[in-house]
Structure formats: C-alpha cells, structure tokens
Number of protein chains: 2
Amino acid sequence: MRHHGGRGARGRHRIGPGRWGVRARVERFVEPAVLLLLRERRAHGYELLDALPDLTGDARVDMGNLYRVLRALEEDGLVQSEWEAGVPGPAKRTYELTPEGRRLLDEWATALGRSRERIDSFLERYEGG
Amino acid sequence: MRHHGGRGARGRHRIGPGRWGVRARVERFVEPAVLLLLRERRAHGYELLDALPDLTGDARVDMGNLYRVLRALEEDGLVQSEWEAGVPGPAKRTYELTPEGRRLLDEWATALGRSRERIDSFLERYEGG
DNA sequence: CCATACATGTGTGTTTTACATATAGATGCG
DNA sequence: CGCATCTATATGTAAAACACACATGTATGG
C-alpha cells in the first residue's frame, strides 16, 4: 500500500486513488427505515436486516448498530418487543411499533421532505450553472 | 442471560421531553455546497460562511469545520487558494475550484440524485401505507 | 479606549457509523 | 460424532462526522 505522500491529517474515506467516496447519505436513515418496516408488520431484527437494504439502498446494514438502534428505540418507548416463544431455532425478539414510534415516523417523514427540497434546490442550482 | 435490564441511557439528541431531534440531514453536505458556491465564483471562507445557509438550510455552518473542510479540499487539489494581497482589513485567503474539484462536484450531484430517489421511494411507501 | 465586525484558524468533546468479535440454537453432511 | 453453516442477538472498539469553545489579528465606529 502506497499512499501517504501529501495525504492530509484528515482521512476522508477514499475509494480509489484521488477519489473521495461520495455517498450523500441521510444521517441515521436506518431509524426511519426500521420504523416504516415495523409499521407495515411486526418483525425481529434479523428480518429487518434482510428487508432494510430495499429502503436504504446499501448492500446491507450493520447488524451491530441495528440492534443498538432497536434497543434505543425501545428504551424511549418507540417500539415494543417480546421474545417469541415456542418456535424452534434461536430465540427471536419480535418488535412492534408503538403510537409514539408512529409519531416519530411522521416526524421523520416531514424532515425527509424538507431534506428532499434542499437537495432539489441544490441540484437545480447545480444544473442551472 | 438474555434480556437483562436496560441501563445506559443512549443519548440521542433530545430536543424536548420525549422527543428525538430529527433532522434528516445529508452527511457532509457543506462539502458539495462549498464546491457549488466556488463554481459560481471564487470566494474566501467568511464569504462562504455567509452564503452557505442558503444551500444547507441551517441557520449557520460551523466555521471551524468549514475551514478544516477547505484545507482538506486543498490538500487533495480540489480547490486552490491564495492570500489576497493589497486589500485592507484582515488577510483573506481566496479559494477557487480546480478541474478535479469540479469533477467531485459532479459526483456529488449524481450521489445527491440517488439520495433523492431513495427519499422519494421512502416517502411513497410511507404515504402508501 | 473599547466594543464590534471581519477573517482565519486550533482544541476538544460528542454523536454517528464501521469493523470486529462473542454466544448460542438448529440443520446438514461426511 | 464432529464440524461447518445459517439463523439470531448482542457487545467492544475504532474511525469518521459534527458541535462547541477558544485563540489570534486587522480594521471601524463611538
């Protein structure tokens, strides 16, 4: 590996030589994605892990962080969980959305709408120039 | 030892009681914003600081990080700077976009386009349900 | 003289994301 | 059996992105 020359102290995530990895992702996007999926149907973490890429566009979501997000959501009463009993295989913790979680999803939706508008006006200005 | 008691309040940035601050911002958005502004005209940091909120939607951008971004961009040859000579007042370092920076801006534009599509399909699915 | 606006920076802490590893039940296979 | 693999849930820790605070210096107006 041969890059060190002139490289900055600031390690932006390069993808190739001279390239900056540009993804333009929305911060904490798995959070609203999880809420939306749970509004559609109750599910456990592993199922969400499977369904999330459809919404996020990423190949796959980090499982460690997903479980932490689920815990954090539950701590604040935005989702509820229970261990699914009687089924074979590893124990599954099944989550469902609470009314508060539903409201949070609504907030996310409006915030995402604003974000889209910002992107729109950016791209308009970009194309105009 | 499954299901031990919840502890450790995960400090998501609350705004009010029971509320989660939801902003849905695009990661590193000041970067493309700076590049776009510099494509329109050369400028120094303080000018950018003034012009940025128009693109980002935030009240104001953190100056410390802005200057660090400008440095990082210059280290990788995406912008060029020189001290403006002969003018009264504090010394100004004026930046302009390089061809590489222009290409990075183009990458940002496509990435932002994809991001917008993801938001669109999310909101569609949100409204549909 | 002092406050304020202009202008450029560094220091440091917090939040968010990424990468790695641990544990364990079930299933299939040689 | 012994072992790999898939399902399933989690923790540990490092890196990246962001926020907040402070330092320095030039000019202008009262």
Side-chain angles (χ1 to χ4, degrees), chain A residues 8-15 20-34 43-52 56 58-75 81-95, chain B residues 1-15 20-33 43-52 56 58-75 81-95:
Chain A
R10 214 183 149 73
R12 244 137 170 85
H13 42 256
R14 287 162 176 286
I15 288 183
W20 285 31
V22 170
R23 289 163 298 178
R25 292 180 304 181
V26 173
E27 60 171 11
R28 278 165 51 200
F29 192 64
V30 294
E31 193 180 302
V34 161
H44 59 270
Y46 205 82
E47 283 176 319
L48 294 170
L49 207 61
D50 226 54
L52 276 169
T56 62
D58 293 330
R60 59 202 147 88
V61 179
D62 186 85
M63 53 174 184
N65 292 330
L66 171 62
Y67 287 114
R68 273 187 274 246
V69 166
L70 287 169
R71 285 280 194 89
L73 287 170
E74 184 159 30
E75 270 168 28
S81 80
E82 54 179 26
W83 290 101
E84 193 147 359
V87 289
K92 303 182 221 290
R93 187 195 278 275
T94 303
Y95 290 89
Chain B
M1 55 145 60
R2 43 223 0 212
H3 204 200
H4 51 288
R7 111 280 44 192
R10 212 186 135 71
R12 245 144 171 83
H13 42 257
R14 288 161 176 284
I15 289 184
W20 285 32
V22 171
R23 287 163 299 180
R25 293 181 302 182
V26 173
E27 60 172 10
R28 278 165 53 199
F29 193 65
V30 294
E31 193 181 301
H44 58 270
Y46 204 83
E47 283 177 319
L48 294 171
L49 207 59
D50 226 54
L52 276 170
T56 62
D58 293 330
R60 59 203 146 90
V61 180
D62 186 84
M63 53 175 184
N65 293 329
L66 171 62
Y67 286 116
R68 274 186 272 245
V69 165
L70 287 169
R71 284 278 195 88
L73 288 169
E74 183 159 32
E75 270 167 27
S81 79
E82 54 179 24
W83 290 102
E84 193 148 358
V87 288
K92 302 182 222 289
R93 187 193 276 274
T94 302
Y95 290 89

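Every chain is numbered from 1, with letters handed out A, B, ... down the list of sequences.
- One finds a side-chain N or O of Arg71(B) lying less than 4.0 angstrom from the OP1 or OP2 phosphate oxygen of dT10(C).
- Arg28(B) has its side chain out of reach of Val69(B): every pair of non-hydrogen atoms, C-beta onward, lies at least 4.5 Å apart.
- Remark: C1' of dA5(C) and CD of Glu47(B) are 15 Å apart, rounded to the nearest angstrom.
- Judged by closest nucleotide on DNA chain D, Met63(A) is the one of Met63(A) and Asp58(B) placed further toward the 5' end.
- The distance from atom CZ of Arg60(B) to atom P of dC6(C) is 14 Å, rounded to the nearest whole Å.
- Using a 4.5 Å cut-off on side-chain heavy atoms (C-beta onward), Thr56(A) and Val61(A) make contact.
- Look at CG on Asp62(B): it is 14 Å from C1' on dT15(C), rounded to the nearest Å.
- In this structure, CD of Glu27(A) is placed 8 Å from P of dA19(D), rounded to the nearest angstrom.
- A distance of 8.5 Å separates OH of Tyr67(B) from CG of Leu48(B), quoted to the nearest 0.5 Å.
- For the pair Gly89(A) and Asn65(A), nearest-nucleotide mapping onto DNA chain C gives the more 5' position to Asn65(A).
- As a whole-Å value, the separation of Leu49(A) CG from dA10(D) P is 13 Å.
- When the C1' atom of dC6(D) is taken as reference, atom NZ of Lys92(A) falls 11 Å away, rounded to whole Å.
- Contact annotation: Arg28(A) side-chain N/O to dC18(D) OP1/OP2 distance is not under 4.0 Å.
- Residue whose closest nucleotide on DNA chain C sits further toward the 5' end, between Pro88(A) and Val30(A): Val30(A).
- Among the candidates Lys92(A), Arg93(A), His44(A), Arg71(A), the single residue satisfying the side-chain hydrogen bond (donor to acceptor under 3.5 Å, both in side chains) test with Ser81(A) is Arg93(A).
- Within the 4.0 Å cut-off from OP1 or OP2 of dA10(D), at least one side-chain nitrogen or oxygen of Arg93(A) is found.
- Taking only side-chain nitrogens and oxygens, Arg25(B) never comes nearer than 4.0 Å to OP1 or OP2 of dT15(C).
- The nearest whole Å value for the distance from the CD atom in Glu84(A) to the P atom in dG25(C) is 18 Å.
- Of the candidate nucleotides dA10(D), dG9(C), dA7(C), dA7(C) has the atom nearest to the side chain of Pro90(B).
- Proximity of Asp50(A) to Glu47(A): side-chain heavy atoms (C-beta onward) are nowhere separated by under 4.5 Å.
- Atoms CG (Leu66(B)) and P (dC20(D)) sit 16 Å apart, rounded to a whole Å.
- Comparing dG9(C), dA8(D), dG25(D) by their nearest atom to the side chain of Tyr67(B) picks out dG9(C).
- The Arg68(B) side chain lies nearest to dC20(D) when the options are dC20(D), dA7(C), dA10(D).
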